[in-house]
Each structure stands twice: as C-alpha cells, then as structure tokens.
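Working notes, beginning with the structure itself.
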Amino acid sequence: MDGKIAQRLRAIVGEDNYLDSVEDLINYSYDASVDEALPEAVVLPETTEEIAEIMKLANSAGIPVTPRGAGTNLSGGTIPHKGGIVIALTRMKKILELSKENRYAIVEAGLTNLELQNEAHKLGLFYPPDPASWAVSTMGGNVGENAGGPRGVKYGVTRDWILGLKIVLADGRIINTGGITAKNVTGVDMTSLFCGSEGLLGIVSEITVKLLPIPPFRQSIQAFFPRIDGASGTVTRIIGSGIVPVALELMDSVVINMVEDSKKIGLPRNVQGVLLIMVDGPESECRRQSSMIEEICIDQGASHVDVAGTADEEEALWVARRAAFGVMSQKLPNCILEDVTVPVSRLPEMIKGIIKIGETYDLTIGVLAHAGDGNTHPMIVTDKRDTDEWERVEKAVSDIFHLAVDLGGTLSGEHGIGLSKKPFMHLIYNEHEFQLLRELKQILDPKGILNPGKITD
Amino acid sequence: MDKPKPLLSAGTKEHVYHCAKCGLCLEVCPVYRELLVESASPRGKVQLAKHIIEGNLDITRHMSEILFSQCLLCGSCVAACPSGVDQAALFSGLRWRATERHGIPLVKKLFFYVLAHKWIMSSSAWFGRWARKIFSGLKIEDHILLGNLSLAGVPPFNKTFFNDETPEVVSASGGRKGRVLYFHGCATNYVFADIGHSVVSVLSRMGLDVTVPKGQSCCGLPVFLSGDRKTSLKCMEENLTLFARDEFDAVIVDCATCGSALRKEYPHILRELRDLGEPIGADMIEKAELLASKVRDVSEFVAEHMHWLPEMEHRGPEVRVTYHDPCHLLKGQGVGSEPRKILRAIPGIKFVEMNEAGTCCGGGGEFQIEHGETSALITERKLGNIYDVQAEVVATGCPGCNITIGAHLDKTKGIQVMHPLQLLQRALPDKK
Ligand SMILES: Cc1cc2nc3c(=O)[nH]c(=O)nc-3n(C[C@H](O)[C@H](O)[C@H](O)COP(=O)(O)OP(=O)(O)OC[C@H]3O[C@@H](n4cnc5c(N)ncnc54)[C@H](O)[C@@H]3O)c2cc1C
Ligand code: SF4
Ligand code: SF4
C-alpha cells in the first residue's frame, strides 16, 4: 500500500484497526471458496463515518475495496483479487435498537446472525433467516448474499425481512433506504436493490430487520428412505398438500455416511436419503401436520420415521445438518459446494441428474438440499492437488449448472455468484439484462472500485 | 551439514489441507470472539500454518506472537471443527519451532520463575537444575502485577507439599473394590493440597486403595506448550515409569490439563517426535498408550461409580453452586456431564447452570500473564456469567481455572472456587 494512503487509513480507523503485515494480508486473502488473492491492506472500521472516509479516500485514489463480513461465502465474493483494501466489518457489531412493541431491530453489519437471535429470544422474538452458517456469518454478509436457511420454506430469505439499510456509497456518501415501519412504499424499493448485491453497489453499515414472535410450538420429523426417489417424491407431495413446513431438508447417502463417520450419532448407513422436516405453530396444528407428513413419508416408502420428542433431540438433528458441509472435507481436502435451485416439482429430476453426473465423471458427489424450496447443494469432495480429477470436477460443475437451468432453475439460491459462478451468468442473463446491471454499477460506482471483477465484469 | 529438520510431522501437516475455511470455528474461539480479527481465529492460524508449511511464509516474530498471544490452546476449535482439523497439534508444533527461533518471551520466563522457585525444591532434581538455568539472573517481587493476573490474588503455596504429607498408599476403607494410582499434578502438590486430600479421602472411602507415587513429575504440558519440547520429554519419561502400570485399575487425575496430557497428548507428542527423527523407542509409545487407556478424570471416575459412595448427608445451609467447564476437561477429554451429575447428587446443593459454562475463563496458563488485555476481556465475560446466576460456589475441575477465576472474583461477594470433589467430601459422613 502506498505510504501516504496507508498513513491516511491509519488516521481514519486508528492503529489497532489497520493491518498490513504479511500474516494479516494472508488472513484476508480467502473465504470459504477455493481461491485466494492478497489485498494490500485491511481495515476494520468501527463506525459508518469511518467507512465513508475510507470510501472517499479509495474513490479519489481509485483503489479497489472489498467489503467483508465473516468470509463464509462460498463463491469467492470476498477474495480481493484486484488487491486494494479489504474492509472487514467484524468489529461493528452493536445492536442499536431492539423494539418489542414494533418488532424490529436495528443492528450494525458485523453482528452475527446468531447474536441477533440470542438477543431477540430474550424478548420472545426471532429473526427468521437462519443460514447454516448463522453462528459466524454476519448480518451484512447475509444481506450481501441475500442469505436463506433451512427455515426459508416457510419464512423466505433475508430480503423478505429487511425493512431498511444504511449504506455507504462508493464515493463516501451515506444513504438510508426503507425505514422502521412494516409498510413502506415511499418511492422505489431501494432496499431490495442492495440486498443480494454482493458488495458491488455499496457498503451496508446498518440493517433494520423485522422480527417475529417465537411460535408456541414446533416439531421436527426425521424420515429415512431406502430409495432416493421416495425422499424427493415426498418433498413434492408435502409441498403440494398445502402444508407449509418451516424447513424441509434432504441429505443423500453420501452425506449421511460422512456425517455418521464424523459424528457417530447413529444414522443408518444403508438408506439413500433422509428428510428433516420441521413444522411450527399452535400445538394441535403442528401435531396434525406432523401426522399428515408421517403418512406421506410412509406412503413414499420411508423405512423409518422419527418425531423428535424433546428440544435436545431436535437440536441434535440440526447440529448434524449444520455440520454437513464441514464434514465433507474430512476425507478429502476440498469440498466444492454449489447451490443450484429448481422448482420443487423438478427436484427429483435434479437429484437424479446430479447422481448421474457424479457417476459420469467418477466423482464423489454428496447431495444436501433445502429441498422444500428446491435449493440443492451438490457437494463434490476432491483434492485440488489432483489435477486430473480437478478437470473432471470443473466439467461436472458446468453440467450441474446446465441441468439446473434446463429444469427451469437458477445458478444460485443463496450463496451468490462472486467469482466462481461468473462464467455461467450468461445461462441466465441476456444481453439487455447484463447491460442494465453494468449501467446500475456505473451510476453507483463510476470508478468501479467496489468489489471489482465479481458477478459480471 | 545436517539435513534441515522437517517443521512438523507429515500427519500433522496434512491437517492444513482439510480446512474447508468454513469459519465455523470462529464462534467457539475465545480469543477471536474478543479481538474479531482473522489472525486470532483458528481458521486464520490454520491458513498461516499452511503458508509456512508450503514455504511461502517464515515464522517471523509477528507470526510467533500470533501463535502465543492469540491462542490459549484451549482446544475449543478442535472440538468444534467439522472437518476434523487438529488445530492444537498444528499450533503447538509451530510454537515449538517459533521458540527455537525466537526464544521464550521474558514475561513468560518470569511466570515460570515464580513456579520454578517451588519446583526447584521439589523432588525432581533435574527440573530444578533446568529452572535455575533458564531463570538465572532474574529477580521478581512477590506481589508484582503480571498481565491479567494479580499474584496477590493467587492462593499461597502450601506450607508443605502435598506429596510429602501423604502416605504413599492410603488403603480402602470397607471392602476393597480396586486399586488406583493418583497423579496429583503440580498445582495440587504446591498450591491446592486440600483438593488432593479430598480426592484421596473420597476414593479411599469408595473402597479403593490409593497409591500416590513419590517423586512424580510435572505432566510436562505447560513446558511443552511453551515450546520447550526437550524438557517436557523428561517429564514424560519420569511419569511413564511411575504410572504406566497394568496392575492398577485406573490412574486418577484431578487436574484437567494433566489429564489431557496423560490421556491424549503423550502418545501424540511422542509419535510426532519420533516421526521427526528424535530417538523415541517403541516401548515408550507403548507405555504412553497403556497409560492413556488407564487415565480417568476424578469426576468421571466417581460419577461412574457413584454406587460405591457412602450415603451422603445434608449439612449446613443450602449453597448455590454453578460449574465452570475447564477447556482441557470438556473439550480435551469430553468430560462435562459427570461433574454435574456429582454436584446434583450432593444433598444441600442447589445446582444452577450458568450461561456459556463451556467457554474459556481466559487463563490459559501463562497466557494471562503475557496477554493480559485479551485475557481480561475473556475473564470478564466469565465472571459476568457467574454473577448472573448468583452462585455462592463455582465448582471447577482445573486448578488453572481455579486460580484465574478465584483471583478475579469480586472479593465483596464472597464467592468461593472449589473442586467438585471438595464439595463431595464435605457431604460424606465422618470416617468411622
Ligand atoms: C458451513 C456453511 C454453511 C452455509 N449455509 C448457508 C445457508 O444455509 N444459507 C445461505 O444463504 N448461505 C449459507 N452459507 C454461505 C454464507 O455463510 C452466507 O452467504 C453468509 O450470508 C455470508 O456471510 P458473511 O458474513 O460470511 O459474508 P462474507 O462472506 O464476508 O461476504 C459475503 C458477500 O457479501 C459482501 N458483504 C459482506 N458484508 C457486507 C456489507 N456490510 N456491505 C456490503 N456487502 C457486504 C461481500 O463482499 C461478499 O460479496 C454457508 C456457508 C458455510 C461456510
Ligand atoms: S472449523 Fe475447521 S474446517 Fe472450518 S475453518 Fe475452522 S479449522 Fe477450517
Ligand atoms: S485453541 Fe482455543 S484459543 Fe487457540 S485457536 Fe483454538 S479455540 Fe482459539
């Protein structure tokens, strides 16, 4: 980093919040995807005003800036591959307001999703989006990726719960979108524009979210299927039956076995699929839905259906599910995780297709799916050091994207495009759409300094 | 010329390639939670280790600082990592190399000096010589404030050492159910003799012959973690001779760290040293494995044999007791429910669970001395959780945690720190 710029950055954020040792640069060169690239400096601002000052400086000097939360995105979104400055928001984690009466919270971008949940719980409230990374991923990162989670089937994704944002634009101007009211149509919906924009259009510093009362009752059901068709067919049947489960997760045999190898929680190793279903609401309604679900599972050939009796039992089910991605890296170093999404009715075809692609390229592919919303996570376990296999991995990934799009689906349901899916954007976007995106970027970030090189360019 | 020594063993090295960079370890790391910067996170240090192993990064002084000042080696990350990365093996191995290059930091020397003063007088003659050599020329006040730890708040050393006042064999009272060896560790020997007496008393009244070998050494782990592997090897040798014995039913340990060392670290460390070309015989590794299979934390052993305990009595007013999980017990040995089972069974105790009982107290051996500020933040969080449940007694199974928590508790609140076995002993009827 140019000495003068470094000096000014230090002055803005303070000595403790400016890092440029080689160790620190390495530590902000990666995220949960495979690639790496070094920034030239890392700053950890503590206020919106500091972010604004940093952006003014970067904008006038034309220095690339990569906003970063916890770096858990899986698409290379926080890799500073044009160098420049990484702005890490992890030290901005205050809860500015938490209103029980109006059921909203205003939080700083670096707060983790779980920290918000914990505070909201104390008032009998919860924040619905719950990415599996919730213990570490930040609210800013959740907005950046428009994160969803297991509860998405019933409660939707981040976009559905954001009332307003405070944003620092590329040139340092500070704007507010939305507000704290539940209804708000004053002008164009700018909040949604920034939600899911992966740090390309502005830096989110504060987020206003809607909260919900914790439902009086909930129940989790686990069903094992000797055949994968039974599992994916059950998903379609449940959604078609009019029940709106909170969560409807699917794991195939590859994932089940890897989770079992690591966690030893007694999952059967000889089944092709397991479904994890959660319902919530008034107790009687939950029980009615549970028994309907149980019937559908059995009808679809489930060999075994468990209804979690206690909170501990339920938590155990979800711990395994949350660990699933990490577990996949135990045997082999790299786990390539995609998040293609198809209409729920096409899920059986998608899952079968993925299994076939695995066979074609002789790869170990596990399938994990937020099945209830058609969001499928094929996970390819591999060792990047094995170049021959790596080539086959790349081909398989390409085939998976093509298949999803052919089935009426899309490239990403929640992890974003970043660097890794950029080459496939043309499968979804036509020339006009690309053009509009570039024009938007041009208006908001004329010098192209915000997270450059991602999504389209 | 000698071939350059490998940095870490092949097995340890491979771990860096299994880190998925998922970041799930960030949440559990007590240091990251306070500093909120990636180099403090387990993931960050694993990635740095990868660059070092691949030769892209030197173990610079700054790197050495990261290894020592931004990690308590509490093992929380090891327990939480879904990919099975053994961060502790990586970090302790690199600490060793960092010490070879940059030496042991001065403050740490001072800390060891205070302890070594006692060790010098201990039965282990070579240990005294080592301490004298390392610390020669240093002077230290008795009440100096070291980092986060005020020595004034630390309990005084025992007048006589536990090992000297205890007979080598204490026989079972009532019918004999078995024979155990008792490894009391340095803390009980020099500082917490009361805990040692409670342990021996409870075990003998459960019907066990308790043998307390004379001349037992430090478990070696603190020395090992500070980077001096050669010295700690001597501790291991001495202890293996005394404790790796098949004729006993169990080796009982009352210190979380020692337990972790004997149970998990000895076989691992010895294998690693062998893989790196140190002269470690197969017999030594065999002994370490035998010992590891026998080691039980005292809470774990007692909880498993509750039915051997005499009927307990309710004496005095009811006390509110909470329990702090030492990292080396919960994460290192998977012992957490057992001490709670004991506490819940004691009449006259109202057991209350605090928030975040399983997170670190901030001590981490000399960490609190060297990195006072970070340590203080972690300790403060722990104290807040203790005050929140209005406990009168904090039970914990680690002398290190006992010292750290005890030294910082608000004296006006009159909260005591005790080992669960001390509470248990109080409830047992007087010996007939
Ligand atoms: C084990 C695991 C499980 C996961 N499970 C899920 C899941 O269930 N659902 C899901 O949706 N995702 C999931 N993810 C992906 C990821 O955790 C989420 O996308 C999460 O929202 C990223 O948050 P973060 O704080 O790590 O953001 P980062 O990875 O740091 O950043 C994500 C993107 O947002 C941008 N950004 C970050 N902060 C800001 C800000 N303040 N202003 C503007 N832009 C910003 C970055 O530039 C980047 O493009 C998972 C990841 C892992 C490793
Ligand atoms: S939890 Fe394990 S795999 Fe995930 S980042 Fe931490 S060390 Fe790496
Ligand atoms: S051992 Fe403890 S302090 Fe060190 S990195 Fe792991 S969790 Fe953090």
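All chains are named by letter (A, B, ...) in the order of the sequence lines, taking the proteins before the strands, and each is independently numbered beginning at 1. Only this structure's heavy atoms are used, side chains among them; waters, hydrogens and symmetry mates stay out. As the structure is a prediction and not an experimental result, all values here were calculated from the model.
- In this structure, the portion of A:Leu19 lying under 4.5 Å from any heavy atom of chain B is its side chain and not its backbone.
- With a 4.5 angstrom heavy-atom cutoff, B:Val16 does not touch chain A via any of its atoms.
- Checked for salt-bridge contact, B:Glu34 and B:Lys382 miss the test: no charged N lies under 4.0 Å from a carboxylate O.
- Looking at A:Val34, only its backbone comes within 4.5 Å of chain B, counting heavy atoms on both sides.
- Looking at B:Leu57, the atoms closer than 4.5 Å to chain A (heavy atoms on both sides) all sit in the side chain, from C-beta outward.
- Between A:Arg91 and A:Glu46 there is no salt bridge, since no side-chain N of the basic residue sits under 4.0 Å from a carboxylate O of the acidic one.
- Options A:Lys384, A:Met258, A:Glu36 differ in how many heavy-atom pairs under 4.5 Å they form with chain B, and the most are formed by A:Glu36.
- With a 4.5 Å cut-off on non-hydrogen atoms, A:Ala88 does not touch chain B at all.
- Taking B:Leu26, B:Val85, B:Leu35, B:Leu24 one by one and counting their heavy-atom pairs under 4.5 Å with chain A, the maximum is reached by B:Leu35.
- Residue A:Asp383: no heavy atom, backbone or side chain, is found under 4.5 Å from chain B.
- A:Leu114 touches chain B through its side chain: at least one heavy atom from C-beta onward sits under 4.5 Å away, while N, CA, C and O do not.
- Remark: the B:Glu27 side chain and the A:Thr112 side chain contain no N/O donor-acceptor pair separated by less than 3.5 Å.
- If you check the side chains of B:Ser299 and B:Glu338, you find no donor sitting under 3.5 Å from an acceptor.
- Using a 30° and 60° split on the angle between ring planes, A:His415 and A:His377 fall in the parallel class, below 30°.
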Determine, step by step, whether B:Arg340 and B:Asp325 satisfy the salt bridge (Lys or Arg N to Asp or Glu O under 4.0 Å) criterion, reporting the C-alpha distance in whole Å, the side-chain angles of both residues, the deciding distance to 0.1 Å, and the verdict.
CA-CA 10 Å; B:Arg340 289 175 172 80; B:Asp325 288 292; 2.7 Å; yes
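- Counting only N and O atoms by type, the side chains of B:Ser39 and A:Glu23 include no donor and acceptor under 3.5 Å apart.
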